[in-house]
Amino acid sequence: MELPRYHRLRSAFYRLQATRCGACQAIHFPPRRRCLQCGSENPEEVRLSGRGRVLSVTRVYQPARGFSDAVGTLTALIELQEGIRITAQLTDVEPEEVETGQEVEMVVRRLRGDEEQGLIVYGYKFRPVMKGHGAEGRERA
Amino acid sequence: MRDVSIIGVGQTPVGEHWDRSLRELGVEAVRSALADAGLERPQALFAGNMLSGVLCNQENLATLLADFAGFPGVEAIKIEAACASGAAVVRAAQWAVASGAHDLVVAVGIEKMTDLGIDGITAGLATAADADYEAAHGISFTALNALLMRLYMERYGYSRADFAPFVVTAHENGVHNPQAMFRETVTVDDFLNSPMVADPISILDSSPVCDGAAAVVLCPSEQARSFTDRPIKILASATATDTIGLGPRKDPLWFEAAYQSAQRAYRQAGLQPGDIDFFELHDAFTIVSAMSLEAAGFAERGQGVRFALECNIHRHGKLPISTQGGLKARGHPVGASGTYQIVEAVNQLRGQGGANQVEDCRLGMTQSIGGMASVAVTHILGL
């Protein structure tokens, strides 16, 4: 990924920064200026919870160039607590441990690191929520 | 606006053309379509293509093809709409003729994919997704379609085996198409035992990487009979779009772009799904076939797979699909596939379908889908 592009995307990639429509409150990720629901153009920036559940999942055996170390990794369609959906890789989990409906939380992980410019790109991935650990545990603490 | 007809068609065989270049394939299809129309030179050439820049380091593609086809000087523009580029280019040529801007336009769909390895091609195809929020995360089209297929199977209660009829039927038809990449049958067992690409999508759920070019020549319907005694009318030509990413959709298991483009096409032609005699659909993956049948109004939601299981889709069924092998067996040179569908539909309507001829057909529909069904182009053709 090109450095300027990575720089522009840092809020979304590191913090799941989204937009909430000032008029109808609809949340959008990727962020968008004009609301898909009502057409209003006064969004405010919000940070998503990063918590959700797996709606669908696939194990990928034929990755794209730049993701050759991703053979056998998991890609999921996730529904976040805010009611919006996002596609992302799963991490910290074995394929046979994943099932639809499973609760997951966002973490920041390396997306790819073999860029020609030597850039290592980090961004959001999701991992299963473990009882007593992760965000849930921290909230209790 | 003027009515528009197709007066010539041409196509190259689809396959891995190691010894043939982008320009050679394109020129062959263009010259073949022009010869079919009895024409030497069009007034404009539009090239439908998705990835010539990424896969062949060649842009300005329409100029290249006009030059090497032997008529530099004509208007020439490339049209891109991801995997639907080959249909979008016919849509663009149809505007050009309908508006009166030109009388004779050749539209060529072309893709040369096999110069790169599969990882490079997968990365190239991923440029049709959201570059920042899908492709940058290593999410390929096969993965996106696999997410849909699993969701579909779980929501509607199907097994992998239930998707087999799409593959078996396409390959049966491919056997009899001399231009097809795969001319052998596959069995349900072959399908079930084929290796996974992104589960539950296997190699045999997927259309192949390949090269090819197909072309059509368009003119105003009122002039068509001076070129051919079998002109085919473009009764509808309609494009629609959806969100580029899968995430933001209201329902991921509904192809809104395909639905809207089909509805616009039915309205333009004054027809309904029940009037259509055969349907060249976008069988890039089996799940896309099922959801296209639903979006185009041939099956209820969740019933696309049932529709195929009930033997409706073979050549003598209620709605023959992929009559010359479809993307699955004829092959899916991405930016060319939409044009192949239209060439095949024209041949069916002319009675030149060969061993795959659909009997007594008068109305054919084609639907080409690009990206994660984020763009769709539907045509209805008739005698």
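Proteins get letters first, then strands, A, B, ... in listed order; numbering begins at 1 in each.
The distance from atom CG of A:Leu77 to atom CG of B:Leu148, rounded to the nearest 0.5 Å, is 8.0 Å. From A:Arg85, atom CZ reaches atom NZ of B:Lys250 across 10.5 Å, with rounding to the nearest 0.5 Å. Atom OG1 of B:Thr142 is separated from atom CD of A:Gln62 by 6.0 Å, given to the nearest 0.5 angstrom. Here the CZ atom belonging to B:Arg249 is positioned 11.0 Å from the CG atom belonging to A:Leu36, to the nearest 0.5 angstrom. Rounding to the nearest 0.5 Å places OG1 of B:Thr243 at 7.0 Å from CZ of A:Arg32. Rounding to the nearest 0.5 Å places CG of B:Leu246 at 6.5 Å from OG1 of A:Thr87.
Side chains of B:Tyr133 and A:Pro31 form a contact here, defined as non-hydrogen atoms less than 4.5 Å apart. Within the 4.5 Å cutoff, no side-chain heavy atoms of A:Thr58 are placed close to those of B:Ile201. Taking the side chain as every heavy atom from C-beta outward, B:Asp130 and A:Pro30 approach each other to under 4.5 Å.
Neither the backbone nor the side chain of B:Ile121 comes within less than 4.5 Å of any heavy atom of chain A. The contact between A:Arg5 and chain B is made entirely by side chain atoms (from C-beta outward), counting heavy-atom distances below 4.5 Å. For B:Ala131, the parts lying near chain A are the backbone and the side chain together; criterion is any non-hydrogen pair under 4.5 Å. For A:Leu9, the part lying under 4.5 angstrom from a heavy atom of chain B is the side chain only. No part of A:Tyr6 comes within reach of chain B, as not one of its non-hydrogen atoms sits under 4.5 angstrom from that chain. Residue B:Ala126 does not touch chain A at all, counting heavy-atom pairs closer than 4.5 Å. Contacts of A:Thr100 with chain B are made by side-chain atoms alone, with heavy-atom separations under 4.5 Å and no backbone atom involved. With a 4.5 angstrom heavy-atom cutoff, A:Ile78 does not touch chain B via any of its atoms. Both the backbone and the side chain of B:Leu151 come within less than 4.5 Å of a heavy atom in chain A. For A:Ala12, the part sitting under 4.5 Å from any heavy atom of chain B is the side chain, from C-beta outward, and nothing else.
Within 6.0 Å of atom CD in B:Glu300, 12 or fewer heavy atoms from other residues, nucleotides or ligands are found, so the atom counts as exposed in its surroundings. Within a 6.0 Å sphere centred on CD of A:Glu45, other residues, nucleotides and ligands contribute 12 heavy atoms or fewer.
Highest contact tally toward chain A, considering only B:Ala146, B:Gly245, B:Gly138, is held by B:Gly138 [criterion: heavy-atom pairs under 4.5 Å]. When A:Glu79, A:Arg8, A:Gln89 are compared by the number of non-hydrogen pairs under 4.5 Å with chain B, A:Gln89 comes out ahead. Chosen from B:Thr122, B:Asp132, B:Leu125, the residue pairing most often with chain A at heavy-atom distances under 4.5 Å is B:Asp132. The choice from B:Ala135, B:Ser140, B:Ala136, B:Gly124 that makes the most heavy-atom pairs within less than 4.5 Å of chain A is B:Ala136.
In this structure B:Thr241 satisfies the side-chain contact (heavy atoms from CB on, under 4.5 Å) test together with B:Val375, sequence neighbours excluded.
Ring pair B:His137/A:Phe67: centre-to-centre distance not below 6.0 Å.
Under the 3.5 Å distance criterion, the side-chain polar atoms of A:Arg59 are left unmatched by any main-chain donor or acceptor of B:Asp199.
The two residues B:Ala123 and A:Arg65 have their closest heavy-atom pair at CB-N, 3.9 Å.
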